[in-house]
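Written out below as structure tokens is the structure these notes cover.
Letters A, B, ... mirror the listed sequences (proteins, then strands); counts begin at 1. Just so it is clear, the values below take in all heavy atoms, side chains as well, and ignore hydrogens, waters and symmetry mates. Computed from a predicted structure; not experimentally measured.
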2 protein chains.
Amino acid sequence: MIFSRQTGYAIRALVHLAQNMNNGAVLASAIAKTENLPAPFLSKLLRDLSSNGFVNSSKGPGGGFTLLRKPDEIALYDVFILFDGLTLAQDCILGHGVCSDETACCVHQLWKTKKAEVESFLKLTTIADLVKMREKKLWIPQP
Amino acid sequence: MIFSRQTGYAIRALVHLAQNMNNGAVLASAIAKTENLPAPFLSKLLRDLSSNGFVNSSKGPGGGFTLLRKPDEIALYDVFILFDGLTLAQDCILGHGVCSDETACCVHQLWKTKKAEVESFLKLTTIADLVKMREKKLWIPQP
DNA sequence: ATCATTAATCATGTTTTTGTGACTAAGCCA
DNA sequence: TGGCTTAGTCACAAAAACATGATTAATGAT
């Protein structure tokens with residue numbers, strides 16, 4: 001898969017927060033419940049999102065998480081980099097360590113163009129785009 | 001990453017076999033050594049490649065592995081499917097189970113076009129292409 | 001027939017990723 | 001202050017992926 005599960009879960013949490021921006025802080029437990037994510041694992045992801053300036057957290061009654069950055073200024077790529085690092089950019093697709101124009105495996109030259117397109121897609125697609133998709137009901141939840 | 005390590009290793013083994021098609025059977029240990037792959041793990045991959053008609057194996061002195069299919073008729077996609085199954089095609093990129101036009105997450109519609117391009121790349125690129133890259137020295141081995 | 005050579009099998013170990021639960025610290029409100 | 005609510009932290013458990021080693025079975029050469 002392109003993303004690790006962490007990245008996928010974090011993106012879903014951010015979309016949820018973006019959809020509830022005007023309702024005050026959202027509980028971690030509420031995100032876990034409605035997005036169907038493992039609560040304690042999500043908790044760790046939210047902490048990472050918090051310490052990296054994506055969300056704000058506040059304790060106590062009325063507390064919870066709120067989005068710090070604007071949804072259209074959070075690219076999927078940002079979240080991807082935060083949780084998965086530069087794997088897509090640097091790791092050899094054939095499991096041969098790091099691949100670049102300097103040390104390349106035999107697919108590197110062929111793959112790098114397509115890879116750049118994928119990266120570009122992830123950089124251009126934002127949380128706001130996903131919120132729009134949800135609002136347009138252009139998605140069908142799993143049974 | 002796109003591929004699991006299994007897939008990457010298997011592709012490297014196939015490229016190696018393709019490069020040595022006219023020198024008789026190649027030992028698993030020789031592939032492991034020159035491709036720098038963990039030998040017992042490679043052994044399992046070769047068995048899978050063998051039971052799926054990619055390579056032939058023969059025991060005893062003079063034995064080893066030979067390519068059964070022509071290099072230009074082995075797409076990277078074939079190897080990918082063998083070891084990783086339909087993960088790219090079916091798995092939800094956000095870790096939400098299976099995604100299709102019937103049950104889609106909020107990125108599905110946006111992602112599926114790019115995904116199709118990646119799949120198409122993997123279907124069009126063959127072991128023969130990688131051999132060509134090696135022959136043209138269009139690769140630089142890791143230090 | 002025996003021996004060296006080679007793949008196949010099996011059981012096990014290690015690491016990474018994912019997931020859980022108990023506890024701690026902080027903030028709000030009465 | 002005291003108690004409730006909430007995130008943060010920590011230690012650990014489970015699962016998957018990755019890797020190793022020892023043993024067995026098959027084959028060809030002598």
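- Rounded to whole Å, the distance from CZ on B:Phe65 to P on C:dT5 is 18 Å.
- Distances shown here put every side-chain N or O of A:Arg5 at or beyond 4.0 Å from the OP1 or OP2 atom of D:dA16.
- Separating the CG atom of A:Asp91 from the P atom of D:dA17 is a distance of 17 Å, rounded to the nearest angstrom.
- Put simply, CG on B:Leu86 and CG on B:Asp91 are 8.5 Å apart, with the number rounded to the nearest 0.5 Å.
- Looking only at side-chain heavy atoms (C-beta outward), A:Tyr9 and A:Pro38 come within less than 4.5 Å of each other.
- You'll find the side chain of B:Asp72 stays beyond 4.5 Å of the side chain of B:Asp129, heavy atoms only.
- Residue A:Ile74 forms a side chain to side chain contact (heavy atoms under 4.5 Å, CB included) with just one option from A:Val15, A:Leu14, A:Thr126, and that option is A:Leu14.
- When all heavy atoms are compared, the tightest approach of A:Asp101 to A:Gln109 is OD1-NE2, 3.9 Å.
- Put simply, the side chain of A:Lys44 reaches to within 4.5 Å of the side chain of A:Gln6, judged on heavy atoms.
- Residues A:Glu135 and A:Lys132 are not paired through a salt bridge, judged by the lack of any N-O separation under 4.0 Å between the basic side chain and the carboxylate.
- B:Lys70 has its side chain out of reach of B:Ile127: every pair of non-hydrogen atoms, C-beta onward, lies at least 4.5 Å apart.
- Residues from residues 75-88 of chain B with heavy atoms under 4.0 angstrom of DNA chain C: there are none.
- Smallest separation of non-hydrogen atoms from A:Lys114 and B:Glu117: CE-O, 3.5 Å.
- Within a 6.0 Å sphere centred on NZ of A:Lys123, other residues, nucleotides and ligands contribute more than 12 heavy atoms.
- A heavy-atom distance below 4.0 Å to DNA chain C is reached by these residues of residues 17-41 of chain A, ordered by number: A:Pro38, A:Pro40, A:Phe41.
- Within residues 48-63 of chain B, the residues approached by DNA chain C to less than 4.0 Å at the level of any non-hydrogen atom are B:Ser57, B:Ser58, B:Lys59, B:Gly60, B:Pro61, in residue-number order.
- The distance from atom CZ of B:Arg47 to atom C1' of D:dA26 is 16 Å, rounded to the nearest whole Å.
- B:Leu46 has its CG atom 11 Å from the C1' atom of C:dA8, to the nearest Å.
- Taking side-chain N and O atoms only, A:Tyr9 has a distance below 4.0 Å to OP1 or OP2 of C:dG19.
- A 6.0 Å sphere centred on CG of A:Asn52 holds more than 12 heavy atoms belonging to other residues, nucleotides or ligands.
- Rounded to an integer number of Å, the gap from A:Lys44 NZ to C:dT17 P is 10 Å.
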